Amino acid sequence: MPCKPDGPTDLILNWYQKNKRDLPWRNTQDAYAIWVSEIMLQQTRVDTVIPYYKQFMSRFPDAAALAAASEDEVLPAWKGLGYYSRARNLHRAARILIDKYGGKFPRILKEALLLPGIGEYSAGAVLSIAYDLPVPAVDGNVLRVISRLNGLRQDIARNTTRKTVAQIVAGIMPADRAGDFTQALMELGALICIPLSPRCDACPVSSLCCAFRDGSQGEIPVKTGQKAALEISVHAALIRKGGRILMEHRQDQSLLSRMWGLPVLLDPPEDMSEIPAVFMQKYGLALLPGPCLGQCRHVFSHQIWNIRVYSHILHTKGADVIRGTGNTLRWVTREETEGLAIPAAFQKMLALTAGQDG
DNA sequence: CAGACGTGGAA
DNA sequence: TTTCCAAGTCT
């Protein structure tokens with residue numbers, strides 16, 4: 001049966017003050033800087049984010065700089081980080097800030113929630129951390145910490161659980177130190193109240209914790225299992241001409257949308273003789289597959305690509321830019337690929353073909 | 001609500 | 001190698 005802890009607030013705040021990590025986004029109160037960090041940190045580890053964050057803030061130091069940039073300049077700064085809609089939404093939202101909010105992140109919760117890429121968590125995080133407004137920010141850490149503290153056994157994947165936890169956080173959030181408390185709760189979840197083998201011996205609120213008392217740390221939080229990713233066979237085309245490679249700007253696809261990659265066929269026909277017809281239909285290109293240059297595997301969150309990269313001979317007479325069905329193809333040099341937003345999946349494929357340009 | 005949406009690190 | 005992720009959002 002759930003129990004209500006009495007006064008974890010000060011214990012958590014004091015612990016945070018002594019144990020918080022020195023992170024780049026903790027040396028500022030600038031709402032833009034904090035906003036960028038929150039977006040980058042979504043489903044992404046701190047260690048992974050740090051170098052991207054520093055580079056991004058240097059390149060786009062404020063909302064005006066980001067809004068003034070084109071998407072072709074913003075996406076390369078995000079390449080390799082994953083979840084690229086975050087970058088597109090951040091960019092769009094920066095333009096909305098400039099157009100409608102005087103370049104400042106809104107202080108009103110409902111206005112913040114209207115911005116693309118800002119959900120309940122991020123709105124609460126920016127408002128509390130940047131503006132010290134007492135708005136709860138419930139992320140995976142907070143879900144875990146509060147669930148264990150209160151002995152909550154509701155599935156944390158459910159929205160109703162998130163709301164319950166937000167209520168509990170609102171009830172113990174100090175009005176004068178909202179930002180510190182939001183970060184303290186997440187820091188506790190990141191360093192002490194970790195998913196596996198929590199360090200309860202070092203926890204400032206173990207004496208108040210229902211899960212610790214019951215020894216149920218391993219059972220809480222309750223989380224529904226994820227489905228196995230679908231395995232897909234992928235035929236990737238390396239098409240060369242005069243030291244250049246034909247790259248595709250993935251305009252109309254949902255996965256890796258508006259990123260650059262080699263032309264690919266998902267679930268290609270097993271009979272290689274049928275490949276040219278499929279390329280003609282998808283890209284309007286007359287291609288003849290040649291030798292396989294290598295293979296690799298790339299795991300996305302919801303699907304797995306088993307990739308073979310083939311050299312191809314192009315029979316289509318070529319303009320520099322060839323328009324396929326909804327996608328743009330462009331001849332680029334190896335050097336030029338570095339400035340393009342090419343996600344990890346396609347970086348792997350290109351690595352397989354390095355030195356194959358002659 | 002369930003599923004799409006990336007990636008690399010840890011156990 | 002396999003499993004589970006890590007400071008979520010959108011549809």
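In what follows, every chain begins at residue 1, and chains take the letters A, B, ... in the order their sequences are listed. Because the structure is predicted, anything quoted here is derived from the model rather than measured.
- Residues from residues 44-63 of chain A that place a heavy atom under 4.0 Å from any atom of DNA chain B, listed by number: A:Thr44, A:Arg45.
- A:Met57 CE to A:Asp62 CG: the interatomic distance, rounded to the nearest 0.5 Å, is 8.0 Å.
- One can place CZ of A:Arg144 at 14 Å from C1' of C:dG8, the figure rounded to the nearest angstrom.
- Screening A:Arg21, A:Arg26, A:Lys20 for a side-chain hydrogen bond (donor to acceptor under 3.5 Å, both in side chains) involving A:Gln183 leaves a single residue, A:Arg26.
- Contacts with DNA chain B (heavy atom under 4.0 Å) in residues 157-165 of chain A: A:Arg158, A:Asn159, listed by number.
- Using a 4.0 Å cutoff on non-hydrogen atoms, the parts of residues 131-140 of chain A near DNA chain C are A:Asp139, A:Gly140, ordered by number.
- Each of A:Trp260 and A:Tyr83 belongs to its own hydrophobic cluster when Ile, Leu, Val, Met, Phe, Trp and Tyr are linked at side-chain heavy-atom distances under 4.5 angstrom.
- One hydrophobic cluster, built from ILVMFWY side chains closer than 4.5 Å, holds both A:Tyr101 and A:Leu90.
- Hydrophobic clustering of Ile, Leu, Val, Met, Phe, Trp and Tyr side chains at less than 4.5 Å, counting indirect connections, unites A:Ile245 with A:Val234.
- Rounded to the nearest 0.5 Å, atoms CZ (A:Phe212) and SG (A:Cys193) are 11.5 Å apart.
- Rounding to the nearest 0.5 Å places CG of A:Leu262 at 10.0 Å from CD of A:Gln347.
- Within the structure, side-chain hydrogen bond (donor to acceptor under 3.5 Å, both in side chains) contacts touching residues 65-77 of chain A (residues at least two apart or in different chains) are A:Ser70-A:Glu73, A:Glu71-A:Arg258.
- Between A:Arg153 and A:Glu219 there is a salt bridge, with a side-chain nitrogen of the basic residue lying less than 4.0 Å from a carboxylate oxygen of the acidic one.
- Counting only N and O atoms by type, the side chains of A:Ser233 and A:Arg308 include no donor and acceptor under 3.5 Å apart.
- Chain A approaches DNA chain B within less than 4.0 angstrom (heavy atoms of the protein), and the contacting nucleotides run 5' to 3' from B:dC1 to B:dG9.
- One hydrophobic cluster, built from ILVMFWY side chains closer than 4.5 Å, cannot hold both A:Val205 and A:Ile220; they sit in different ones.
- Across residues 181-196 of chain A, not one residue has a non-hydrogen atom less than 4.0 Å from an atom of DNA chain B.
- Within the nucleic acid shown, A:Lys348 has no heavy atom closer than 4.0 Å to any nucleic acid atom.
- The stretch residues 87-100 of chain A has no heavy atom under 4.0 Å from DNA chain B, so no residue of it qualifies as close.
- When all heavy atoms of A:Gln55 and A:Ala77 are compared, the pair lying nearest together is OE1-O, 3.6 Å.
- Spacing between C:dT3 and B:dG6 at atom P, rounded to whole Å, works out to 23 Å.
- Spacing between B:dC1 and C:dC10 at atom C1', rounded to whole Å, works out to 13 Å.
- Sorted by residue number, the members of residues 17-38 of chain A with any non-hydrogen atom under 4.0 Å from DNA chain C read A:Arg21, A:Leu23, A:Trp25, A:Arg26, A:Glu38.
- Taking CZ of A:Phe60 as the start and OH of A:Tyr32 as the end, the distance is 7.5 Å to the nearest 0.5 Å.
- In this structure, NE2 in A:His249 is found 7.0 Å from CG in A:Leu75, a value given to the nearest 0.5 Å.
- In this structure, A:Tyr83 atom OH and C:dC10 atom P are separated by 14 Å, rounded to whole Å.
- The side-chain hydrogen bond (donor to acceptor under 3.5 Å, both in side chains) contacts involving residues 296-305 of chain A comprise A:Glu231-A:Arg297, A:Arg297-A:Asn306, A:His298-A:Lys348, A:Gln303-A:Trp305, where partners must be two or more places apart or lie in separate chains.
- Of the residues near DNA chain C, A:Gln226 and A:Ile39, the one whose nearest nucleotide (by heavy atom distance) lies more toward the 5' end is A:Gln226.
- Checked options A:Met247, A:Lys241, A:Glu336; the residue passing with A:Trp331 is A:Lys241 (criterion: side chain to side chain contact (heavy atoms under 4.5 Å, CB included)).
- A donor-acceptor pair shorter than 3.5 Å can be found between the side chains of A:Tyr121 and A:Glu38.
- When the P atom of C:dC4 is taken as reference, atom CD1 of A:Ile304 falls 13 Å away, rounded to whole Å.
- When hydrophobic clusters are built by joining Ile, Leu, Val, Met, Phe, Trp and Tyr residues whose side-chain heavy atoms come closer than 4.5 Å, directly or via intermediates, A:Val46 is grouped together with A:Met40.
- Rounded to a whole Å, the NE2 atom of A:His302 is 14 Å from the C1' atom of C:dC10.
- At the heavy-atom level, A:Val299 lies under 4.0 Å from base atoms of the strands shown.
- For the pair A:Asn14 and A:Pro204, the minimum side-chain heavy-atom distance is 4.5 Å or more.
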Tabulate below the donor-acceptor pairs under 3.5 Å that side-chain atoms of residues 268-279 of chain A make, not counting sequence neighbours, or state none.
unit_1   : atom_1 : unit_2   : atom_2 : d
A:Asp271 : OD1    : A:Ser273 : N      : 3.0
A:Asp271 : OD1    : A:Ser273 : OG     : 2.8
A:Asp271 : OD2    : A:Ser273 : OG     : 3.1

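- At least one side-chain heavy atom of A:Thr164 sits under 4.5 Å from a side-chain heavy atom of A:Leu152.
- Here A:Asp180 pairs with A:Arg177 under the salt bridge (charged side-chain N to carboxylate O under 4.0 Å, His left out) rule; sequence neighbours left out.
- Within residues 107-130 of chain A, no residue has a heavy atom under 4.0 Å from DNA chain B.
- Of the candidates A:Tyr53, A:Phe56, A:Trp78, A:Ile39 forms a side chain to side chain contact (heavy atoms under 4.5 Å, CB included) with just one, namely A:Trp78.
- To the nearest 0.5 angstrom, A:Leu246 atom CG is 9.0 Å from A:Glu248 atom CD.
- Atom pair A:Phe300:CZ and C:dC5:C1' shows a separation of 17 Å (rounding to whole Å applied).
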